[in-house]
Amino acid sequence: MAAAYLPAWRVALAAAGVAIPLSVGTALGIPLTQKLGTAMARAATQLTLLGGLILTPLMQSTSPLLVFSYVMLMILISGYEAANKLPWHYSGLRADCFTAAIAGAGVAAFAGICIVIQPSPWYSAQTVIPVFGMVLGNGLDAVGLGLRTYCTSVGTRPAPVRLAIGFGASRFEAVQPCVAEAVLTAMVPKINSMTVAGLVSIPGMMTGQVLAGQDPSQASRYQIMILYLIAAGSLSSVGLALFLASRRLVDSAGRLRLDLLSRQGSADPMEGLAVHDATGSDRQVIVTAVKETVVPGPAVVSVPRVEVFAAGQSLYVLKGLELTEGEICGVTGPSGAGKTTLLDMLAMNLPPMRVIGAEEITMRGQTFDQLGGSAWRAGCLVVPQSIPQITQVTCSEWFSKVLQFSIWSHRDEAAAMRDLATNAAVMRLPKHALDSEMASLSGGERHRVMLACALTLAPPVLLLDEPTAALDADSAAAVEAQLSHFVERAKSVIVLVSHDMALLKRLSHKLVTLGGPR
């Protein structure tokens, strides 16, 4: 049976059918008229040109160069459109979309044509162009959904990623939950379409073949094959796009580079971050001795001289700071003086343009470049002031994932979990805390859970931001006692940020005061 001839005026009738629901939507205040009208006009124009001016000569061509030149044009246009439709932007976004389209959906489509369909000739435009069109289109849809979800997660909820990095995660270990969420979001439409195919809907390719007179059983086989190619191409494309995005937004040093990520149409994310000449700061850093260590040990942390910048301006210069085994170094100063920034600087979390001289900082005689990002942060571990409300995992499960980071994989998990329970009990945490979701705990409980995790890992340097600010007096006293015991037992160093001068005088051997007059 040949396909029925369809004149243009009947196509116009189909367009007229959109008018009724569109008018209802407009009456309800849904601003669809312009967008839907533009989309319909574009689709009609593009498909008319495709069918009449492009596909007709291509179908008659015997040149593989011409066929695959058109395929490359499809890839370029789809990659450009995918990048432009995202609400986020970072340098290299378009290149990532093009690469994902070629190496993901493109390879899947080419393999399906050559291995499964096997047309004769292998470059037959009648096969190559429709298959590439379907696989590429769906692949780029998946890339768009995946990158949108990933960038939104990293850009608006960076705290869990930073927390994982602070506990020694590699760049890909840190963003793995964001990647998993993005892949699932991108693939849900493909999964749903396959789930209802043949029950609720008849997919487009099968519909077209049946209308053209193809045997329904053969049409169904072609449709199954296309659905599988679309799934393979979409999964490959979105996985590759997220891999490339992760390499750009978490650099080789393991720093989360939110300074490189911006919303489309906003100012350049790098604006105002250029490094100026190190001319010194208007703020002086004062280092004073509070009390002597019982037995002075070898240096754990040495800071010869660093200059820290904020918004392109020098914030302060810190020089000659040396911390030895068993010492607690307090850090104080007014709000905005850069206390948390100092912890980020020691953990090597600041972007390169915000610090000069960081490469000279040593931990047990080794620089950051010698140790590498994960090893440095596992040894110079940060517990931030604000602990994110992580959902869907309990505190114990979260710590178990930390122990699976490559830097901690040598640890005995059972022994570590026992130590975690002991540390949690000493710091007066409720018995149920470790088996609860972090989001269900109070701010003080979440902070003590993170402290218990950090003390269990026993790093050489522990960086703490306001560890007792959200605690009652008894819990604060228990935390203080545990910290004092930790530095003596583990021969470690603690750098402790606090506004509580009484706390700093009780615990600290050295005191760093930021924001004093020059």
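The first residue of the sequence shown is numbered 1, and numbering continues consecutively from there. This is a predicted model, so every value here is computed, not measured.
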Beyond-backbone contact of [X] with [Y], side-chain heavy atoms, under 4.5 angstrom:
{"X": "L496", "Y": "L507", "result": "yes"}
{"X": "M353", "Y": "F309", "result": "no"}
{"X": "V383", "Y": "D465", "result": "no"}
{"X": "L242", "Y": "L147", "result": "yes"}

Between [X] (side chain) and [Y] (backbone), is there a donor-acceptor pair under 3.5 Å?
{"X": "E327", "Y": "T324", "result": "yes"}
{"X": "R255", "Y": "P351", "result": "no"}
{"X": "Y316", "Y": "V306", "result": "no"}
{"X": "Q482", "Y": "V479", "result": "no"}
{"X": "H447", "Y": "Q385", "result": "yes"}
{"X": "S237", "Y": "S234", "result": "no"}
{"X": "R364", "Y": "P460", "result": "no"}
{"X": "R162", "Y": "L256", "result": "no"}

Would you say the side-chain atoms of [X] and [Y] include a donor-acceptor pair closer than 3.5 Å?
{"X": "D435", "Y": "T394", "result": "no"}
{"X": "T341", "Y": "D344", "result": "no"}
{"X": "S314", "Y": "E307", "result": "yes"}

Please list, chain by chain and in numerical order, all residues satisfying side chain to side chain contact (heavy atoms under 4.5 Å, CB included) with [X], sequence neighbours excluded.
{"X": "A490", "result": "F486, S492"}
{"X": "E173", "result": "A169, S170, F405, S406"}
{"X": "D419", "result": "T456"}
{"X": "E322", "result": "A299, S302"}

Sequence neighbours excluded, which residues qualify as ring-ring contact (aromatic ring centres under 6.0 Å, His included) partners of F399? none
The criterion is ring-ring contact (aromatic ring centres under 6.0 Å, His included); which residues satisfy it with Y80, sequence neighbours excluded? none
Can you give each donor-acceptor pair under 3.5 Å made by side-chain atoms of residues 175-185, sequence neighbours left out, with the distance rounded to 0.1 Å?
| from | atom 1 | to | atom 2 | distance (Å) |
| --- | --- | --- | --- | --- |
| T185 | OG1 | E181 | O | 2.9 |

So, for [X] and [Y], which heavy atoms are closest and what is the spacing to 0.1 Å?
{"X": "E437", "Y": "T391", "value": "OE1-CA, 3.8 Å"}
{"X": "I407", "Y": "G168", "value": "CG2-O, 3.4 Å"}
{"X": "L140", "Y": "A82", "value": "CD1-CB, 3.4 Å"}

Would you please name every residue forming a side-chain hydrogen bond (donor to acceptor under 3.5 Å, both in side chains) with [X], sequence neighbours left out?
{"X": "H432", "value": "S436"}
{"X": "K401", "value": "none"}
{"X": "Y228", "value": "none"}
{"X": "W88", "value": "T152"}

Is it the case that atom CZ in R247 sees more than 12 heavy atoms from other parts of the structure closer than 6.0 Å? no
Walk me through whether L464 and L451 qualify under side chain to side chain contact (heavy atoms under 4.5 Å, CB included). CA-CA 9 Å; L464 307 180; L451 281 173; 3.6 Å; yes
Please list all pairs passing the salt bridge (Lys or Arg N to Asp or Glu O under 4.0 Å) test where one or both residues lie in residues 87-101, with sequence neighbours left out. D96-R248
Could you check whether the rings of F172 and F243 sit parallel, tilted or perpendicular, using 30° and 60° as the cut-offs? parallel
Please round to the nearest 0.5 Å and tell me the distance separating atom CH2 of W408 and atom CG of L403. 9.0 Å
Ionic contact status for K319 with E360, cut-off 4.0 Å: no
